[in-house]
Amino acid sequence: MTNYTKLPAILLLADGTVYHGKAAGKIGTTTGEICFNTGMTGYQEVFTDPSYFGQIMVTTNAHIGNYGIHKEEIESDSIKIAGLVCKNYNIGYSRKEASESIQDYFQNENIVGISDIDTRALVRKIRDQGAMNAIISSEITDIEELKNRLAAVPEMDGLELSSQVSTKEPYFFGSPDATLKVAALDFGVKKNTLRNFVARDIYVQVFPAKTSFEEMEKWGADGYFVSNGPGDPGAMPYAVDTVKSILAADKPLFGICLGHQLLAQANGIGTMKMFNGHRGLNHPVKNIIRNQCEVTSQNHGFGVIPEDVRSSDKVEITHINLNDQSIEGIRVKGKKAFSVQYHPESSPGPHDSRYLFDEFVDVITGKLSW
């Protein structure tokens, strides 16, 4: 195990609040929008979810690192969070299948964090005052210097980040002998989403974020998937144009998270920056088509404007968040296109929503329409 000494570290929020803790991971400085995740487990999946790119993650669970790092439980090729804030940073781990400690993992991936923070107080502040930028440093102790560095960090609102985490070249996932073919537009796709397609006898080609519909169409896909991803959907007109082209061609389309927001925009529905977003494993959602509820895994700081959805004559609402009544799912009238705001691949999280992959197959094969 890598030697680890608990050096002092500082967390500074954009409103001037200072927290003193201990260094976790690499000694250094990092910045980003601070947010919190309420999941009790699944920290590896959270760290490697591309949707968290550019964000400092506060974990509400008291212990992080206690079951180590398992290489089969990562959702992308690297850690995507900008930094970590936690209470108890556990170097020792209990799981025999784990290959390394969280400290080794963070040092190898150059991730800066801070531990020994009262995360309950911090989460209450974020919950009550909203998302804001923050800086963590285990090398700079001068608060004024940290304030100057933090002042130069851009706000998440208006940032286009998905092209930074997207694949640079197309690649295939699954068996070429599969029954169906799906073209996935990668804005930050997670590995378990692709595994869910493969489990349903689907061969996937994953395309870079700025690939045109015409280029993807050359492959002859049976359906199109628009993935989750980081940043502001309002800063992605290129992606909206691609979704519009898929709709104009009347192709089956399934979007999740950012893909949900892009499908809304393609139908004239606006998006907005949320006060502090939805991030965790236990968000209750009602499927109003099926008249049933599901517990969902969520990670988003933007959403569709509810009033725009309700006044639209192009889409109908399929899912509602039972905590705040935000719009969690839509489908396009007269088209083979639908989307949800949450993460049905459930990695981490409950499997309540995986039926959506089955519904996508049914849309592709003509068994389901509206």
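Numbering starts at 1 and runs along the sequence shown.
Judged by distance alone, with hydrogens and angles left aside, the side-chain atoms of Ser138 form a donor-acceptor pair with the main-chain N or O of Gly28 at under 3.5 Å. The backbone N or O of Ser346 lies less than 3.5 Å from no partner atom in the side chain of Ser297, so there is not a single donor-acceptor pair. The main-chain N or O of Val182 is never found under 3.5 Å from a side-chain atom of Asp222 such that the two would form a donor-acceptor pair. Checked by atom type and distance alone, the side chain of Asn61 pairs as donor or acceptor with a backbone atom of Met40 at under 3.5 Å. Using a distance-only test at 3.5 Å, with no hydrogens or angles considered, no donor-acceptor pair links the side chain of Asn276 to the main chain of Ala131.
Across every non-hydrogen atom of Pro344 and Arg354, the tightest pair is O-CG, 3.2 Å. When all heavy atoms of Phe36 and Arg127 are compared, the closest pair comes out as CE2-N, 4.1 Å. Counting all heavy atoms, side chain and backbone alike, Ile111 lies closest to Ile81 at CD1-O, 3.9 Å.
Here the options are Phe338, Phe213, Phe207, Phe197, the test is ring-ring contact (aromatic ring centres under 6.0 Å, His included), and the partner is Tyr224; only Phe213 passes. Test Leu185, Leu161, Asp186, Thr211 against Ser166 for side chain to side chain contact (heavy atoms under 4.5 Å, CB included) and you get one pass: Asp186. When each of Asp142, Thr29, Thr30, Thr31 is paired with Ser137, the side chain to side chain donor-acceptor pair (under 3.5 Å) condition holds for Thr29 and for no other. Among the candidates Arg331, Arg310, Lys333, the single residue satisfying the salt bridge (Lys or Arg N to Asp or Glu O under 4.0 Å) test with Glu316 is Arg331.
The shortest side-chain heavy-atom distance between Ile79 and Tyr105 falls under the 4.5 Å cut-off. Counting only heavy atoms from C-beta outward, the side chains of Ile327 and Ile320 approach each other to under 4.5 Å. Side chains of Gln261 and His300 form a contact here, defined as non-hydrogen atoms less than 4.5 Å apart. Contact annotation: the side chain of Pro284 never approaches that of Cys293 to less than 4.5 Å [non-hydrogen atoms, C-beta and beyond]. A 4.5 Å side-chain heavy-atom check between Gln129 and Asp15 finds at least one atom pair inside the cut-off. Contact of the Gln44 side chain with the Ile69 side chain is registered, since non-hydrogen atoms from C-beta on lie closer than 4.5 Å. Between Ile34 and Leu11 there is a side-chain heavy-atom pair separated by less than 4.5 Å. Taking the side chain as every heavy atom from C-beta outward, Tyr171 and Leu194 approach each other to under 4.5 Å.
Figure legend: Lys80 and Tyr52 shown without cation-pi pairing, the cationic atom not lying both under 6.0 angstrom from the six-membered ring centre and within 45 degrees of its axis.
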Test side-chain hydrogen bond (donor to acceptor under 3.5 Å, both in side chains) applied to His343 and Asn192, step by step
CA-CA 10 Å; His343 284 234; Asn192 207 46; over 6 Å; no

Give the intermediate values and the outcome of side chain to side chain contact (heavy atoms under 4.5 Å, CB included) for residues Glu328 and Val340.
CA-CA 5 Å; Glu328 293 279 1; Val340 291; 6.0 Å; no

Determine whether Gln298 and Thr296 satisfy the following criterion, side-chain hydrogen bond (donor to acceptor under 3.5 Å, both in side chains), listing intermediate values before the conclusion.
CA-CA 6 Å; Gln298 302 212 6; Thr296 68; 3.0 Å; yes

Under the criterion side chain to side chain contact (heavy atoms under 4.5 Å, CB included), I'd like the reasoning laid out for Ile289 against Trp370: C-alpha separation, chi angles, the key distance, then a yes or no.
CA-CA 11 Å; Ile289 304 299; Trp370 45 85; over 6 Å; no

Evaluate Ser212 against Tyr238 for side-chain hydrogen bond (donor to acceptor under 3.5 Å, both in side chains), listing each step before the verdict.
CA-CA 9 Å; Ser212 67; Tyr238 69 90; over 6 Å; no

What verdict does the side chain to side chain contact (heavy atoms under 4.5 Å, CB included) test give for Glu294 and Tyr355, after you've listed the backbone C-alpha separation in whole Å, the side-chain angles of each residue and the deciding distance to 0.1 Å?
CA-CA 11 Å; Glu294 53 202 86; Tyr355 70 89; 2.6 Å; yes

From CA spacing to verdict: side-chain hydrogen bond (donor to acceptor under 3.5 Å, both in side chains), Asn37, Thr59:
CA-CA 5 Å; Asn37 185 293; Thr59 50; over 6 Å; no

Could you go through Ile64 and Ile102, starting from their C-alpha distance and side-chain angles, then the distance that decides it, and tell me whether this counts as side chain to side chain contact (heavy atoms under 4.5 Å, CB included)?
CA-CA 8 Å; Ile64 297 298; Ile102 188 174; 3.6 Å; yes

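Residues Ile117 and Ile10 do not share a hydrophobic cluster, clusters being chains of Ile/Leu/Val/Met/Phe/Trp/Tyr side chains in contact below 4.5 Å. Residues Val85 and Tyr43 fall into different hydrophobic clusters, defined by Ile, Leu, Val, Met, Phe, Trp and Tyr side chains chained together at heavy-atom separations under 4.5 Å. Residues Met156 and Met57 are members of separate hydrophobic clusters, defined by side-chain heavy-atom contacts under 4.5 angstrom among Ile, Leu, Val, Met, Phe, Trp and Tyr. The hydrophobic clustering, which links ILVMFWY residues whose side-chain heavy atoms are closer than 4.5 Å, places Leu150 and Leu146 together. Hydrophobic clustering (ILVMFWY, side-chain heavy atoms < 4.5 Å, transitive): Ile140 and Ile114 are in distinct clusters.
Around atom NZ of Lys181, more than 12 heavy atoms belonging to other residues, nucleotides or ligands sit under 6.0 Å away. Enclosure of atom CZ in Arg120 is not indicated, since only 12 or fewer non-hydrogen atoms of other residues, nucleotides or ligands lie within 6.0 angstrom. In the displayed structure, Glu72 atom CD is contacted under 6.0 Å by at most 12 heavy atoms of other residues, nucleotides or ligands. More than 12 heavy atoms of other residues, nucleotides or ligands lie within 6.0 Å of CE in Met132, so this atom counts as buried by the packing criterion. Taking a 6.0 Å sphere around CD of Glu169, one finds it holds 12 or fewer heavy atoms contributed by other residues, nucleotides or ligands. Annotation for Lys367: atom NZ does not count as buried by contact number, only 12 or fewer foreign heavy atoms lying within 6.0 Å.
With hydrogens and angles left out, the side-chain atoms of Asn228 and His260 include no donor and acceptor closer than 3.5 Å. In summary, the side chains of Glu109 and Ser78 do not present any donor paired with an acceptor at a separation below 3.5 Å, with no hydrogens or angles considered. If you check the side chains of Glu160 and Ser163, you find a donor sitting under 3.5 Å from an acceptor. A donor and an acceptor atom, one from each side chain of Ser326 and Gln341, are nowhere located under 3.5 Å apart.
Aromatic rings from Phe173 and Tyr203 are positioned such that their centres are separated by 6.0 Å or more. Residues Phe225 and Phe360 keep their aromatic ring centres 6.0 Å or farther apart.
Atom NZ of residue Lys26 and atom CG of residue Asn108 lie 11.5 Å apart, to the nearest 0.5 angstrom. Rounding to the nearest 0.5 angstrom, the gap separating the CD atom in Glu97 from the OG atom in Ser94 is 9.5 Å.
One finds a salt bridge joining Arg149 and Glu145 here, because a Lys/Arg side-chain nitrogen approaches an Asp/Glu carboxylate oxygen to under 4.0 Å. Using a cutoff of 4.0 Å between basic side-chain nitrogens and carboxylate oxygens, Lys190 and Asp49 are scored as salt-bridged. A salt bridge is absent between Lys191 and Glu73; no separation between the charged side-chain nitrogens and carboxylate oxygens falls under 4.0 Å. A salt bridge between Lys87 and Asp116 is absent, with no side-chain N of the basic residue lying under 4.0 Å from a carboxylate O of the acidic one. The pair Lys210-Glu215 does not meet the salt-bridge criterion, since no charged nitrogen lies less than 4.0 angstrom from a carboxylate oxygen. Ion pairing between Lys71 and Glu100 holds under the 4.0 Å rule for side-chain N and carboxylate O.
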